[in-house]
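Working notes for the structure below.
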Amino acid sequence: MNSEKLKKIDHKYDVIVVGAGFAGLYALHRLRGEGLKVKVIEKGSDLGGTWYWNKYPGCRCDVESLEYSFSFCEDLQQEWEWPEKYSAQNDILNYANFVAKKFDLRKDILFDTKVMAASFTETENTWKIETDSGCIFQCNFCVLASGNLSEPQMPNFAGLESFEGNWYHTGLWPINKVDFSGRRVGLIGTGSSGIQTAPEVAKQASELFVFQRTANFSLPGRNHDSDPDTVKIHKSQYRQRRIAALETPFGIGGYPPPTQSALEVTDEERDRIFEEKWQEGGTISFLYSFNDLLTNKESNEFASEFVRQKIREKVHDTETAELLCPTTHPIGTKRLVLDNGYYEIFNQPHVNLVDISKNGISNITKNGVVAGSTEYKVDALIFAMGFDAMTGSINNINICNHKGEYLSDKWKYGPLTYLGLMTAGFPNIFFVTGPQSPGVKSQMILSIEQHVDWIADCIKYMESNGNKMINPLKKSEELWVKHVTDVANDTLYPMGNSWYQGANIKGKTRVFMPYVGGFQKYRAKLNAVVSARYEGFDFN
Ligand code: FAD
Ligand code: N01
């Protein structure tokens with residue numbers, strides 16, 4: 001759409017939604033269905049969010065596709081066919097486009113437009129939304145569907161500007177296929193993105209250097225083509241399965257919660273159970289081996305050591321194997337990775353692991369990467385360095401309330417929200433799967449649906465009561481933040497230097513951001529709040 005033309009019209013909306021990933025798409029569908037005038041603003045040139053930006057080779061989901069998909073429309077979930085158990089980025093992007101077409105969403109999405117600022121006027125109960133095209137929008141409600149993992153952490157290594165090869169960030173991958181054939185490649189980062197892409201890059205590169213700052217736990221993906229009989233049965237039970245998923249900690253059905261501690265069984269029995277789960281595949285399945293892997297250090301150590309032993313079996317060179325064995329965090333406290341033959345690539349002569357745990361990368365030269373006293377000569381660099389997670393995309397928008405206070409100032413020492421949905425003092429602006437909600441610790445599309453439904457119901461409730469403004473009470477926010485922290489402190493999660501607590505970003509305040517009490521408990525809390533006429537919120 002032509003921005004000059006846009007400037008001339010009156011951009012008044014009931015709701016402005018920022019972001020056209022799964023959250024933005026569902027928010028548009030649901031809110032428009034309530035008769036509201038809605039516009040989605042997306043900085044990318046197309047929809048899909050995560051699955052639009054992360055086009056790196058090997059990218060796929062780690063939650064089974066039959067689960068990682070929308071549940072709001074029975075026709076949709078019956079109609080769509082997933083080619084694989086864990087679908088590849090391209091198939092998930094195709095799905096997002098299919099959803100957009102089915103529900104005619106594109107006409108209300110403005111692409112190539114970044115929201116720069118949002119300011120609230122109390123007298124009019126409106127948010128003024130400013131964009132990089134100069135277009136200004138007004139709305140009664142703003143929904144930030146801007147993503148938890150959408151603000152890539154860009155490399156700022158000294159000398160990067162002098163590098164004569166091409167470099168890429170996994171979270172900003174170019175649309176055109178990148179060919180690494182015959183090239184020497186350096187890969188920096190061994191989180192999910194780095195571990196997923198390494199085997200694919202190794203297939204092409206003449207030499208691959210994997211720069212590892214922290215060894216990470218990864219389980220075999222055991223991906224395969226969809227089995228028609230399994231799909232048929234799953235689809236015949238879809239509705240019941242989706243309902244059952246609501247009562248689980250991760251919002252994913254099909255995994256009976258464990259009932260016993262890893263300390264209650266014999267060594268043989270423990271190993272038998274780990275082995276069974278290892279063979280089955282899937283991160284939740286493995287973490288569900290016992291009920292205390294994320295709460296008891298001793299139990300966790302059994303699981304951690306089981307996986308370390310698997311790494312030692314897979315990787316022939318003992319020194320490399322030991323370097324790949326994680327020792328600095330309990331398994332599961334950083335996001336557990338599912339891979340497609342990651343450890344095995346280190347048995348290939350052209351793949352090298354470079355341990356940078358002590359001194360990191362010193363600098364980048366025109367020819368490659370310097371770590372320690374060695375210059376590793378490469379023709380291309382891949383940065384798989386993750387994201388300014390959970391708060392990055394929100395803090396990047398200059399959000400200012402009617403008192404002239406900025407949200408980024410309020411959140412300087414970590415996010416403060418009530419239920420991960422709103423923050424006190426900033427009326428009528430909602431987060432989808434925001435910090436202090438279980439979003440990133442769940443099947444995220446389910447959490448997206450839950451939040452969007454909550455927001456839509458809340459706006460309808462306000463309409464029916466003649467309310468124009470909703471604002472969480474400061475006290476409710478304080479209690480919720482404390483609860484989120486207390487719950488996290490009862491687990492081993494704080495022991496992992498992860499993006500869950502901002503540890504991957506230099507200078508970011510370390511505070512544990514997701515709610516890890518379980519999706520089912522959070523859901524019960526949201527339902528109770530609504531039943532008590534939106535307890536903890538103030539309406540005007
Ligand atoms: P996003 O998909 O991140 O979309 C947010 C959108 O907002 C983006 O398009 C962004 O460009 C836009 N935006 C941000 N700021 C602005 C602004 N200021 N102005 C305009 N537009 C803006 N979750 C799972 O549950 N299972 C998985 O298997 C899984 N795999 C993943 C794999 C990868 C590689 C990554 C990075 C994440 C994965 N996730 C997974 C998490 C994933 O992010 C969510 O599942 C889901 O796709 C998030 O959707 P969203 O719409 O909330 O956010
Ligand atoms: O990012 P990460 P990601 N010098 O933050 C390293 C989802 N996801 O993009 O561990 C050198 O996990 C950093 O090292 P360290 C999923 O939720 C899912 O991989 O901080 N190295 C780490 O190794 C995931 O958790 C899938 O010491 C530096 C890596 O970069 C989330 O997205 C696939 C560095 C970053 O790992 C983020 O994953 C992909 C530096 N200066 C993503 N800075 C699925 O499979 C950082 N690192 C579903």
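Both ligands and their constituent atoms are indexed starting at 1 by order of listing.
- Each of the atoms 11 (C), 21 (N) of ligand 2 lies under 4.0 Å from some heavy atom of I188.
- Scanning all protein heavy atoms for the shortest distance to atom 6 (C) of ligand 2 gives G189 CA, 3.8 Å.
- Inclusion of W499 in the set of residues having an N or O under 3.5 Å from an N or O of ligand 2 is warranted.
- Given atom 45 (O) of ligand 2, the protein heavy atom at minimum distance is Q196 NE2, 2.8 Å.
- Below 4.0 Å from some heavy atom of Y56 lie the following atoms of ligand 1, by number and element: 34 (C).
- Neither the backbone nor the side chain of S193 comes within 4.0 Å of ligand 1, counting heavy atoms alone.
- K114 has no carboxylate O lying under 4.0 Å from a charged side-chain N of E151, or vice versa, which leaves the two without a salt bridge.
- Looking at R106 and D46, a side-chain N of the basic residue comes within less than 4.0 Å of a carboxylate O on the acidic one, giving a salt bridge.
- For Y68, every heavy-atom contact with ligand 1 shorter than 4.0 Å involves the side chain, none the backbone.
- Side-chain atoms of Q450 do not come within 3.5 Å of backbone N or O of G439 as any donor-acceptor pair.
- Ring pair Y56/Y168: centre-to-centre distance not below 6.0 Å.
- With a 4.0 Å cut-off on non-hydrogen atoms, L25 does not touch ligand 1 at all.
- T190 places no side-chain N or O within donor-acceptor distance of the main-chain N or O of I195, the cut-off being under 3.5 Å.
- Neither the backbone nor the side chain of F211 has any atom closer than 4.0 Å to an atom of ligand 2 (non-hydrogen atoms only).
- Within ligand 1, counting atoms from 1 as listed, the ones closer than 4.0 Å to a heavy atom of T113 are 20 (C).
- Under the rule for a side-chain hydrogen bond (donor to acceptor under 3.5 Å, both in side chains), the partners of K203 that lie at least two apart in sequence or sit in another chain are E200.
- Less than 4.0 angstrom separates some heavy atom of Q153 from each of these atoms of ligand 2: 43 (N), 46 (C).
- Close approach of ligand 1 to G19 (heavy-atom distance below 4.0 Å) involves ligand atoms 6 (C), 7 (O), 12 (C).
- Residues F70 and W80 place their aromatic rings such that the two centres sit no closer than 6.0 Å.
- Side-chain atoms of L338 and R60, non-hydrogen and from C-beta on, never get closer than 4.5 Å to each other.
- Between K334, R213, K506, it is K334 that holds the heavy atom closest to atom 10 (O) of ligand 2.
- Proximity to A23 (heavy-atom distance under 4.0 Å) selects the following atoms of ligand 1: 50 (P), 51 (O), 52 (O).
- Residue K43 has at least one N or O atom closer than 3.5 Å to an N or O atom of ligand 1.
- Under the 3.5 Å distance criterion, the side-chain polar atoms of W82 are matched with a main-chain donor or acceptor of S65.
- Of all the atoms in ligand 2, the ones that sit under 4.0 Å from a non-hydrogen atom of A384 are 29 (C), 30 (O), 35 (C).
- Proximity to A145 (heavy-atom distance under 4.0 Å) selects the following atoms of ligand 1: 5 (C), 6 (C), 7 (O).
- When hydrogens are left out, the protein atom nearest atom 36 (O) of ligand 2 is G191 CA, 3.5 Å; that is the closest non-hydrogen contact.
- Residue-level proximity to ligand 1 for F250 is absent, since no heavy atom of it falls below 4.0 angstrom.
- Across every non-hydrogen atom of A198 and L187, the tightest pair is CB-CD2, 3.7 Å.
- In this structure, F157 is part of the shell of residues with a heavy atom less than 4.0 angstrom from ligand 2.
- Considering each of S357, A389, G386, the one bringing a non-hydrogen atom nearest atom 1 (O) of ligand 2 is G386.
- In this structure a side-chain-to-backbone donor-acceptor pair under 3.5 Å is present from Y343 to S218.
- Every heavy atom of S447 sits 4.0 Å or more from the atoms of ligand 1.
- For ligand 1, the atoms closer than 4.0 angstrom to any heavy atom of V18 are 16 (C), 17 (C), 19 (N), 20 (C), 21 (N), 22 (C).
- Contacts between I448 and ligand 1 below 4.0 angstrom, taking non-hydrogen atoms only, involve the side chain exclusively.
- Among protein heavy atoms, the minimum distance from atom 3 (P) of ligand 2 is reached at S193 OG, 3.3 Å.
- With respect to atom 14 (C) of ligand 1, the closest heavy atom belonging to the protein is S146 O, 3.4 Å.
- For atom 26 (C) of ligand 2, the closest non-hydrogen atom of the protein is S192 CB, 3.5 Å.
- Of the protein's heavy atoms, V115 N, 2.9 Å lies nearest to atom 19 (N) of ligand 1.
- In this pair, W411 and F431 present their aromatic rings tilted. The plane angle is within the 30 to 60° band.
- Atom 32 (O) of ligand 2 has as its closest protein heavy atom L149 CD1, 3.5 Å.
- The distance between the ring centers of F430 and H451 does not fall below 6.0 angstrom.
- Using modelled atom types, no side-chain atom of Y13 and backbone atom of V40 make a donor-acceptor pair closer than 3.5 Å.
- Counting heavy atoms closer than 4.0 Å to ligand 1, residue Y86 contributes nothing at all.
- Listed by chain and residue number, W127, H402 satisfy the ring-ring contact (aromatic ring centres under 6.0 Å, His included) test with F120 (two or more places apart in sequence, or in another chain).
- Counting the atoms of ligand 2 from 1 in the order shown, those under 4.0 Å from a heavy atom of Y56 are 33 (C), 39 (C).
- Nearest-heavy-atom check against atom 48 (C) of ligand 2 across N156, I361, D62, T50 picks out D62.
- With a 4.0 Å heavy-atom cut-off, ligand 2 is reached by no atom of Y86.
- At a heavy-atom distance under 4.0 Å, no atom of V337 approaches ligand 2.
- In summary, the atoms of ligand 1 found under 4.0 Å from a heavy atom of I397, numbered by their order in the structure, are 18 (N).
- I356 counts as a contact of ligand 2, since one of its heavy atoms falls under 4.0 Å from the ligand.
- Ion pairing between E247 and R523 holds under the 4.0 Å rule for side-chain N and carboxylate O.
- Polar contact check, T190 against ligand 2: a nitrogen or oxygen pair lies under 3.5 Å apart.
- In the vicinity of S150, heavy-atom distances shorter than 4.0 Å reach the ligand 1 atoms 3 (O).
- Nearest non-hydrogen protein atom to atom 15 (P) of ligand 2 is T214 OG1, 3.4 Å.
- Residue R60 has at least one heavy-atom neighbour below 4.0 Å for each of these atoms of ligand 2: 44 (C), 45 (O), 48 (C).
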